**Q** 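Quick one: structure below, then a few questions.
Since we're looking at a predicted model, the values are computed, not measured. Hydrogens, waters and symmetry mates are skipped; everything else that's a heavy atom, side chains included, is used. Per chain, numbering begins at 1; letters A, B, ... match sequence-line order.
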Amino acid sequence: MTRFNPKEAEPRWQARWEAEQAFTAFPDASREKYYVLEMFPYPSGRIHMGHVRNYTMGDIVARYKRAQGFNVLHPMGWDAFGMPAENAARERGVHPAIWTYENIATMRGQLKAMGLSIDWSRELATCDPEYYGQEQRMFLEFLERGLVYRKESAVNWDPVDETVLANEQVIDGRGWRSGALVEQRQLTQWFFKITAYADDLLKSLDTLERWPEKVRLMQSNWIGRSEGLRMRFAITGEARGLPGAGELEVYTTRHDTIFGMSFCAISADHPIALELAAKDPVIAEFCKQCRDIGGTAEALERAEKLGFDTGLRVRHPFIAGREAPVYIANFVLMGYGTGAIFGCPAHDQRDLDFARKYGLSVVPVVAPEDNPGVIIENDAYTDDINGRMINSDFLNGMDIAQAKAEIARRMQAMSSGEPAVSFRLRDWGVSRQRYWGCPIPVIHCAKCGVVPVPYDQLPVTLPHDVTFDKPGNPLTHHPDWKHMDCPECGAGAVRETDTFDTFVDSSWYFARFCSPRANVPVDPMEAEYWMPVDQYIGGVEHAILHLLYSRFFTRAMKETGHARDAEPFSGLFTQGMVTHETYKDANGAWLFPEQIIRRDGAAVHRESGAPVLVGKIESMSKSKRNVVDPETIIAQYGADTARWFVVSDTPPERDIEWTESGIEGAWRFTQRVWRLVDESLAKLPLVNAPVPDGRGRASVALRRASHNAITWVTEDIERFHFNRAVARIYELANGINSFINLDCTEAAAGYALREALESLVILTAPMMPHLAEECWRALGHDRLLVHTPWPKADPELTRADQVTIIVQVNGKRRGELGLAPGTPRQEVENLALAMEAVIRHMDGKPARKVVVVADRIVNVVV
RNA sequence: GCCCGCUUGGCGGAAUUGGUAGACGCAAGGGACUUAAAAUCCCUCGGCUGUAAGGCUGUGCCGGUUCGAGUCCGGCAGCGGGCACCA
């Protein structure tokens, strides 16, 4: 008996696939294409289990679709710009480019060891000038089209490191490295006009039928479209001299509640608030307090609703003589609507809390249909669909929709308001004050202003000779890189030293894969053929930003002639994370899983034998040390075992727990498949032997098991139910095992066994491709399994010759009947009524009703 | 606070979408082989009850619809995720 040795076999098959260029993709109009893509990795240095799971799933789809006859594109690249490279440069003195390309080399080797069916000839890294030069070209085209603009925007500024910090680098208001208090600084920055597509990005979500509902909902909420009314109130009293010519403009979606208005509130950043703050230090102090809450949702959540009465009053548009006070309030945001609201406490919880605090009136104006005399205590009536207007003059008796329409009509007639649509979505700021990113290809000239770098001077490449010994951006410190002559007037000018947000790089790489070496962003012929991505796979953490930016970018590319379709990904799957138990020693220090062994059911330290505290199961992270290194696992068990484990048992969209016993179970199965094949070889007829005439019960049953497995596994892979596919494969293996144990002498036994083993091998191949090739060759095939078509189940063989019909009395199972499929109802009923157990449970009563579901169930009701 | 989602044995999870609840795997227990171990193979495995055949019960909790509910409806609880005090 031999064993399957992955250490020897896996590299051998990988070399063979490479030699045959089995995964190199060429456009071929005569064949249907299928583009499978997993989110490309950041080259951090080593792959982790999340990558293994992600790329295994993509590879299953790629190999399956290839076997189904599709022309498959399955590329790989590197999201190679970003801060960790600069951190490494500062901490260890290694140049970001060197650090990055070395990491890429390591990780490429690790991914290749997984046996992924990737077209490596299309590999790209976003830090290749060949790649980012085309990105710069598209930026300039977007600029020409008005899809890009500059404006002032605040950044987190670390005064000690003299650098801009990303939000995640600000911890409790301090810089992560320096510990200095972070300041807000205004910088002029570049923005992509994603809001220009807000409506389309929202509406088109409906067309993305093969996206998870959850992701579409998250994007929809993020875009946050609302329809309302912008309305202006006359300011009375000290209105003169204030911005807005004595009017306060508010935005509301509940204009139906105008008769319940008891105050207005403006943001601390509203022009009126700024003006007042400039004159009054008390107001200035209050505004500062409001801003200081800032930041996280949680902080805002806990903050008490605070207001400052400005002394201003606005006139109610429909009630003569009625006025409402204007407050500056900490819960009104300048960035949304007009930065001002009117408060109707009876129908908005925040407004109600605010009104109670400041003793403002609470007048209900909408009543539930079943409670016209509604009284508001501590809960606002916030239903904005069902209700009838009360206490509202000419609106009384209308429903909410009618009331909204009437107010909109009247406000428009008075030229005091108009319908308005608001979005939560804001334009995408892409400027980063960093070295290791794509340079923004513009020049600042004292005379000509912002001048685009001429197309023939692209790419603007990063200078290699930079130093990281000073705080701040090395590009601005570089002695000569930024200095140049203005392309328009020839005078001395400076380059932009900001680089792009790395989300820009990842917003079009999927299109670049179609033609990674082209001297245009995308080769139209290749892109026409391959795009869109048919199946995109990645973590749900990218559900909003990366996917939304990519959808925007593809629209912008469409407008500049680089894309045919607006949507880049027609199918999306978001996979769960890989988790592991956590371990701590007596001192509370985290321990690696390999430092732990189980002794008498208790976890102890491998070397010292000291007891170990087993903590929660959490997603693998270096900080908690609950990580298992894929390279170690592959060295120990082989890639196939690792691949098999990460898709077994747990549905792909859920978090999977990595366990030692689980990987051992997967390892046992690889050996089991090999053994079933190896031990059967002597009993098998030749490849392609004709179907023998003789039949036999056991052989027919085995053939049915094979064809059922083909049916089920095919369906399960199509539907991303890899864990079920795995279960079906186990069932087939169990069936083959039982058949072998029978030592069956039927004429068809050998044929049935070969068919079963070949089915097992082919169905297993997407998950365990090396083992499958090894078995395939052992079974006598010369042609590679990767070139072998996916099998089709024969419906003749899957049809059961007998079905089990459950017999119930009053809905309780009392027995079963084994009958030929399609047995007539009456016959089934008669047989059921004649059963001893049925008669017993009918207790002498007559059957009131007999429900017969064909081939399924009989229910006798007494 | 709002919006989603989930809740099935010791564990991960199945259940052809209203028709045998617990497939398959892991763990556990028993047995075979072996000098022994490993590997492998066979058997048992929701709970209660019974010598057995069987019976009762069981999919977070309460109620409803139905001949029949893990699945559909209403309410509640717990857990997880998303977010925006968004007017």
**Q** Rounding to an integer number of angstrom, what distance separates B:rC76 and B:rG9 when you compare their P atoms?
**A** 24 Å

**Q** Is the NZ or CZ atom of A:Arg3 both under 6.0 Å from the centre of the six-membered ring of A:Trp674 and within 45° of that ring's axis?
**A** no

**Q** Across the strands shown, which category fits A:Asn734 at heavy-atom distances under 4.0 angstrom: base, sugar-phosphate, nothing?
**A** sugar-phosphate

**Q** Students often get this wrong, so: under 4.0 angstrom with heavy atoms, is A:Gln671 touching a base, only sugar-phosphate, or nothing?
**A** nothing

**Q** Is the base of B:rU35 syn or anti, if syn means a glycosidic angle within 90° of 0?
**A** anti

**Q** Indicate, with a heavy-atom threshold strictly under 4.0 Å, whether A:Val540 touches base, sugar-phosphate, or nothing.
**A** nothing

**Q** When both hydrogen-bonding distances must be under 3.5 Å and the geometry is Watson-Crick or G-U wobble, what is B:rC85 paired with, if anything?
**A** none

**Q** Given the ring of A:Trp211, does A:Arg216 sit roughly above its face, with NZ or CZ under 6.0 Å from the centre of the six-membered ring and within 45° of the axis?
**A** no

**Q** Would you mind checking if A:Glu418 and A:Arg232 are paired as a salt bridge, meaning a charged N to carboxylate O distance below 4.0 Å?
**A** yes

**Q** Mind checking if A:Asn737 touches a base, just sugar-phosphate, or nothing, with heavy atoms under 4.0 Å?
**A** sugar-phosphate

**Q** Please determine if a side-chain N or O atom of A:Arg424 lies less than 4.0 Å away from the OP1 or OP2 oxygen of B:rC83.
**A** no

**Q** Give the rounded distance in Å between these two atoms: CZ of A:Arg719 and P of B:rA14.
**A** 12 Å

**Q** With respect to the phosphate group of B:rC6, does any side-chain polar atom (N or O) of A:Arg654 fall under 4.0 Å of OP1 or OP2?
**A** no

**Q** Kindly say if A:Arg668 contacts the phosphate of B:rA27, meaning a side-chain N or O under 4.0 Å from OP1 or OP2.
**A** yes

**Q** Looking at A:Arg814, I'd like to know whether one of its side-chain N or O atoms comes within less than 4.0 Å of OP1 or OP2 on B:rC56.
**A** yes

**Q** With hydrogens left out and only the distance checked, is there a donor-acceptor pair under 3.5 Å joining A:Asp649's side chain and the base of B:rG25?
**A** no

**Q** Report yes if a side-chain nitrogen or oxygen of A:Ser422 is closer than 4.0 Å to either non-bridging phosphate oxygen (OP1 or OP2) of B:rA87; otherwise report no.
**A** no

**Q** Could you tell me the Watson-Crick or G-U partner of B:rG22, where both distances fall under 3.5 Å? Say none if there is no partner.
**A** none

**Q** Can you tell me how far C1' in B:rC61 sits from the matching atom in B:rC42, rounded to whole Å?
**A** 42 Å

**Q** Is A:His721 near enough to B:rG13 that one of its side-chain N or O atoms lies under 4.0 angstrom from OP1 or OP2?
**A** no

**Q** Regarding A:Asp384 and A:Arg254, does a basic nitrogen lie under 4.0 Å from an acidic carboxylate oxygen?
**A** no

**Q** Quick one: is A:Tyr251 getting a side-chain N or O under 4.0 Å of the B:rA87 phosphate, OP1 or OP2?
**A** no

**Q** Could you check how far CD of A:Glu816 sits from P of B:rA21, rounded to whole Å?
**A** 11 Å

**Q** Determine the interplanar angle of the A:Phe263 and A:Tyr327 rings, folded into 0 to 90°, and report it as parallel if under 30°, tilted if 30 to 60°, perpendicular if over 60°.
**A** perpendicular

**Q** Sort out the partner of B:rG9 for me: Watson-Crick or G-U wobble, both distances under 3.5 Å, none otherwise.
**A** none

**Q** Under 4.0 Å: is that the gap between some side-chain N or O of A:Asn810 and OP1 or OP2 of B:rG68?
**A** no

**Q** Pick base, sugar-phosphate or nothing for A:Arg350, based on heavy-atom distances below 4.0 Å to the nucleic acid.
**A** base

**Q** Angle between ring planes, A:Phe354 versus A:Tyr358, binned at 30° and 60°: parallel, tilted or perpendicular?
**A** tilted

**Q** Check whether any side-chain N or O of A:Asn723 sits under 4.0 Å from OP1 or OP2 of B:rA14, and answer yes or no.
**A** yes

**Q** With rounding to whole Å, what would you report as the distance between B:rU51 and B:rC67 at their C1' atoms?
**A** 36 Å

**Q** How far does the P atom of B:rA21 sit from the matching atom of B:rG54, given to the nearest Å?
**A** 15 Å

**Q** Rounded to the Å, how far apart are A:Asp655 CG and B:rC79 P?
**A** 18 Å

**Q** Taking NZ from A:Lys404 and P from B:rA87, how many angstroms apart are they, rounded to a whole number?
**A** 10 Å

**Q** Using a heavy-atom cut-off of under 4.0 Å over every strand shown, decide if A:Ser661 touches base, sugar-phosphate, or nothing.
**A** sugar-phosphate

**Q** Taking syn as within 90° of 0 and anti otherwise, name the glycosidic form of B:rG47.
**A** anti

**Q** Using atom C1' of each nucleotide, how far apart are B:rG13 and B:rG22 to the nearest Å?
**A** 9 Å

**Q** B:rU20, OP1 or OP2 - any side-chain N/O from A:Arg813 closer than 4.0 Å?
**A** no

**Q** Does A:Glu829 pair with A:Arg825 as a salt bridge, N-O distance under 4.0 Å?
**A** no

**Q** Between C1' on B:rC4 and NZ on A:Lys214, what's the gap in Å once rounded to a whole number?
**A** 9 Å

**Q** Identify whether any heavy atom of A:His841 sits under 4.0 Å from a base atom; if not, whether one sits that close to sugar-phosphate; answer base, sugar-phosphate or nothing.
**A** sugar-phosphate

**Q** Starting at atom CD of A:Glu213, determine the distance to atom P of B:rG82, rounded to an integer number of angstrom.
**A** 18 Å

**Q** Would you kindly give the CD-to-C1' distance between A:Gln219 and B:rC4, to the nearest whole Å?
**A** 15 Å

**Q** Applying the Watson-Crick and G-U wobble criteria at under 3.5 Å, what pairs with B:rC72? Answer none if nothing qualifies.
**A** B:rG64

**Q** Rounded to whole angstrom, note down the C1' distance from B:rG58 over to B:rU7.
**A** 16 Å

**Q** Pairing check on B:rA32: which nucleotide meets the Watson-Crick or G-U wobble criteria with it, both distances under 3.5 Å?
**A** B:rU40

**Q** In the strands shown, is B:rG58 matched to any nucleotide by a Watson-Crick or G-U wobble pair with both distances under 3.5 Å, and which?
**A** none

**Q** Can you name the one residue among A:Ser267, A:Ser226, A:Ser422 that meets side chain to side chain donor-acceptor pair (under 3.5 Å) with A:Tyr336?
**A** A:Ser226

**Q** What's the CZ-P distance between A:Phe331 and B:rC2, to the nearest Å?
**A** 17 Å

**Q** Would a line drawn from the ring center of A:His316 to the ring center of A:Phe259 be shorter than 6.0 Å?
**A** yes

**Q** Look at the side-chain N and O atoms of A:Asn859 and state whether any lies under 4.0 Å from the OP1 or OP2 oxygen of B:rU66.
**A** no

**Q** Given that both distances must come in under 3.5 Å, which nucleotide forms a Watson-Crick or G-U wobble pair with B:rG80?
**A** B:rC4

